[in-house]
Amino acid sequence: MEFVWEALKAWLNGWDNGRAFFAPLPLQVSETRAREPDVMFVFRQNSHQRDGRYWSAADFVVEVVSENDPNCDFVAKARNYAIAGVPEYWIIDPRDRSVTRLHSPGDGSYAAKAVIGIGQTIKSMTLDGFQISVDALLA
């Protein structure tokens with residue numbers, strides 16, 4: 001996951017418009033629940049949305065599918081991040097060597113879904129110009 005974080009930092013190089021974070025960093029997704037995305041990006045205009053040790057907003061999150069509960073990343077976390085207003089969520093799945101990109105129209109759901117595999121490049125719909133080769137991401 002450090003690869004995505006480093007790629008985000010490189011993408012930001014010389015452009016002071018946000019910050020990339022690497023886990024553990026709690027993101028409040030409801031009044032009673034927080035998640036710790038593996039990687040999180042917050043645009044500068046949302047950087048004030050931090051309450052103590054929790055962030056209350058993120059613009060982009062990435063999770064690697066957990067081996068003990070892979071469905072959690074695709075269902076529960078997707079629901080949590082959508083309701084919390086995270087516009088874009090990437091799910092890296094080493095099992096089938098793919099990345100699922102979910103994008104929200106801003107209504108608390110993820111309407112757009114793309115599954116990108118080996119030999120392809122995943123492009124962010126939220127972070128203009130940010131893209132990563134899936135081969136490099138899964139290497």
Any side-chain donor paired with an acceptor under 3.5 Å for Ser124 and Gln131?
no
Can you confirm whether the side chains of Tyr81 and Glu63 place a donor and an acceptor under 3.5 Å from each other?
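Side-chain D/A pair, Tyr81 to Glu63: present.
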Say whether [X] and [Y] are linked into one hydrophobic cluster, either directly or through other cluster members, by side-chain heavy-atom distances under 4.5 angstrom.
X: Trp11; Y: Phe3; result: yes
X: Met125; Y: Met40; result: no
X: Ile83; Y: Tyr110; result: no

For residues [X] and [Y], determine if any side-chain heavy atom of one lies less than 4.5 Å from a side-chain heavy atom of the other.
X: Val64; Y: Asp73; answer: no
X: Val39; Y: Phe21; answer: no
X: Val29; Y: Leu27; answer: yes
X: Ile118; Y: Leu138; answer: yes
X: Thr100; Y: Tyr89; answer: no

Looking at [X] and [Y], what are the two nearest heavy atoms and their distance?
X: Ile132; Y: Ala7; answer: CD1-CB, 3.9 Å
X: Pro94; Y: Ile92; answer: CD-O, 3.4 Å
X: Gly108; Y: Ser104; answer: N-OG, 4.3 Å
X: Ala34; Y: Pro26; answer: CB-CB, 4.4 Å
X: Thr126; Y: Pro87; answer: OG1-CB, 3.9 Å

Derivation of the side-chain contact (heavy atoms from CB on, under 4.5 Å) call for Val65 and Phe74:
CA-CA 8 Å; Val65 170; Phe74 290 97; 3.6 Å; yes
Could you check whether any side-chain N or O of [X] sits under 3.5 Å from a backbone N or O of [Y], counting only pairs where one atom can act as donor and the other as acceptor?
X: Asp135; Y: Gly119; value: yes
X: Glu88; Y: Phe60; value: no
X: Arg35; Y: Gln28; value: no
X: Thr121; Y: Ser133; value: no

Give a yes or no on this: more than 12 heavy atoms of other residues, nucleotides or ligands lie within 6.0 Å of atom CG of Asp128.
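Not buried by this count: 12 neighbours or fewer within 6.0 Å.
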Over 12 non-hydrogen atoms of neighbours within 6.0 angstrom of NZ in Lys9:
yes
Rounded at 0.5 Å granularity, tell me how far [atom1] in [X] sits from [atom2] in [Y].
X: Arg19; Y: Leu8; atom1: CZ; atom2: CG; result: 13.0 Å
X: Ile116; Y: Arg97; atom1: CD1; atom2: CZ; result: 15.0 Å
X: Lys77; Y: Ser66; atom1: NZ; atom2: OG; result: 6.0 Å

Step-by-step side-chain contact (heavy atoms from CB on, under 4.5 Å) determination, Glu36 to Leu25:
CA-CA 5 Å; Glu36 289 188 346; Leu25 188 68; over 6 Å; no
For side-chain contact (heavy atoms from CB on, under 4.5 Å), just list the numbers for Ile91 and Leu102, CA-CA rounded to whole Å, side-chain angles, deciding distance to a tenth of an Å, and then say yes or no.
CA-CA 8 Å; Ile91 306 165; Leu102 302 173; 4.0 Å; yes
Between Trp5 and Phe41, does the ring centroid distance fall short of 6.0 Å?
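Centroid separation for Trp5 and Phe41: 6.0 Å or greater.
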Verify whether the ring centers belonging to Phe130 and Trp90 lie closer than 6.0 Å.
yes
Between Val99 and Asp93, does a side-chain contact (heavy atoms from CB on, under 4.5 Å) hold up when you go through it step by step?
CA-CA 6 Å; Val99 181; Asp93 193 342; over 6 Å; no
